[in-house]
Amino acid sequence: MLGSSHERILQLVLALSRDFASMFVTDLSDDMVVTGTSGKELTESPPQQLRADGVIVVGDPPILGIIVESQTSMDAKDYADKTLKWPHYAIGLRTELKCPTLTLVVTPDPKIESSARQSIDLGGGNLWRPFVIGPSDMPKSLTREFAREHPGLALLTVISRGPTYTTIDEPAAVLQAVAESKSAHTLEKGQQQTYYDLVLRSLALDVARSLRDDEMTQQFIVKP
């Protein structure tokens, strides 16, 4: 069963799959189909169950497949296992979609980020590595402008820092700015509610209650 922090990060990336896909597709048009799903089976014969956290598919027919891996804890044994699975995920999805693919690792942990950024030796001089979004990609100070331009990364930053907030100032400002972003305007009401709930669940209980009761935030996020 997915841990709560692990699941929050995964749900956020999939809910804002278009925004994260735009990091890799520079000419992503408004009418381009982008879908995000969780629990992707990538099993081959002979049978060996390989289940990625999630996948984003860009285009119909597909032009890019993105394996999404949320990593909130990883010891040396786990990392050794991931060095075998991460390339396999991308290749398995490439075989299925018949288009370029990549593996995206998302983590709030600087040690995991450092490990994940290392190249993986496939043999014969062939090096492979995943794309990584981690603490070094998260701004030290979140501005409304940044949140409007990069809503996915801004929300990921808030969720990662959630327990450290003692007031609603920054989470509320980010939620309001994200609601004004181009990406948010493409989401249905339920999807907007999803990332609002993800932020609430990342905060300390008293801060979450204050944010939930904040009329200005409700004006932008909780649609009637």
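Count residues from 1 along the sequence.
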Please check if any side-chain donor atom of Glu113 sits under 3.5 Å from a side-chain acceptor atom of Ser136, or the reverse.
-> yes

Which pairs of donor and acceptor atoms, one on a side chain in residues 148-157, lie under 3.5 Å apart (sequence neighbours left out)?
residue	atom	partner	partner atom	Å
Arg148	NH1	Glu180	OE1	2.7
Thr157	OG1	Leu153	O	2.8

Only counting residues at least two apart or in another chain, list the ones meeting salt bridge (charged side-chain N to carboxylate O under 4.0 Å, His left out) with Lys182.
-> Asp30

Does any non-hydrogen side-chain atom of Ile133 lie less than 4.5 Å from one of Val105?
-> no

Taking side chain as C-beta onward, heavy atoms only, is Trp128 less than 4.5 Å from Ser119?
-> no

Side-chain contact test, heavy atoms from C-beta onward, threshold under 4.5 Å: evaluate it for Pro135 versus Asp109 and give yes or no.
-> no

Residue set satisfying salt bridge (charged side-chain N to carboxylate O under 4.0 Å, His left out) with Asp137, at least two apart, ordered chain then number -> Arg117

Who are the side chain to side chain contact (heavy atoms under 4.5 Å, CB included) partners of Ser210, not counting sequence neighbours?
-> Ile168

Residues forming a salt bridge (charged side-chain N to carboxylate O under 4.0 Å, His left out) with Arg209, sequence neighbours excluded | none

Would you confirm whether Asn126, through its side chain, and Gly123, through its main-chain N or O, come within 3.5 Å as a donor-acceptor pair?
-> yes

Sequence neighbours left out, what passes side chain to side chain contact (heavy atoms under 4.5 Å, CB included) with Ala208? Give chain and number order.
-> Leu200, Leu203

Between Leu198 and Leu12, which heavy-atom pair has the shortest distance, and what is it?
-> CD1-N, 3.6 Å

I would like to know whether Thr107 and Ser70 meet side chain to side chain contact (heavy atoms under 4.5 Å, CB included); could you show each step before the answer?
-> CA-CA 6 Å; Thr107 180; Ser70 171; over 6 Å; no

Between the side chain of Tyr79 and the main-chain N/O of Ser115, is any donor-acceptor distance below 3.5 Å?
-> yes

Before giving the answer on side chain to side chain contact (heavy atoms under 4.5 Å, CB included), spell out for Leu122 and Leu127 the whole-Å C-alpha distance, their side-chain angles and the decisive distance to 0.1 Å.
-> CA-CA 6 Å; Leu122 301 181; Leu127 298 178; over 6 Å; no

Hits for side chain to side chain donor-acceptor pair (under 3.5 Å) against Arg144, two or more places apart or cross-chain, chain-then-number order -> Gln176

All ring-ring contact (aromatic ring centres under 6.0 Å, His included) counterparts of Phe131, not counting sequence neighbours = Phe24

Give a yes or no answer on whether the side chain of Thr164 reaches the backbone of Arg161 with a donor-acceptor pair at less than 3.5 Å.
-> yes

Counting only N and O atoms by type, is there a donor-acceptor contact under 3.5 Å from the side chain of Ser202 to the main-chain atoms of Val199?
-> yes

Please list every donor-acceptor pair under 3.5 Å in which a side-chain atom of residues 54-67 meets a protein atom from a residue at least two apart or in another chain.
none

Across all chains, not counting sequence neighbours, the side chain to side chain donor-acceptor pair (under 3.5 Å) partners of Asp31 are Ser29

Whether Thr103 side chain and Trp86 backbone form a donor-acceptor pair below 3.5 Å = yes

Side chain to side chain, Phe20 and Val68, heavy atoms closer than 4.5 Å | no

Side-chain donor/acceptor of Asp197 to backbone N/O of Thr194, under 3.5 Å = no

Partner residues of Asp81 under the salt bridge (charged side-chain N to carboxylate O under 4.0 Å, His left out) criterion, sequence neighbours left out = Lys85

Taking only residues two or more places apart in sequence, or in another chain, which ones meet Thr143 in a side chain to side chain contact (heavy atoms under 4.5 Å, CB included)?
-> Glu145, Phe146

Working for side chain to side chain contact (heavy atoms under 4.5 Å, CB included), residues Ile120 and Arg129 = CA-CA 6 Å; Ile120 297 171; Arg129 60 183 173 185; 5.6 Å; no

Using the side chain to side chain contact (heavy atoms under 4.5 Å, CB included) rule, take Gln11 and Arg201 through it: C-alpha gap first, then chi angles, then the decisive distance, then the call.
-> CA-CA 12 Å; Gln11 287 180 332; Arg201 282 187 281 167; 3.5 Å; yes

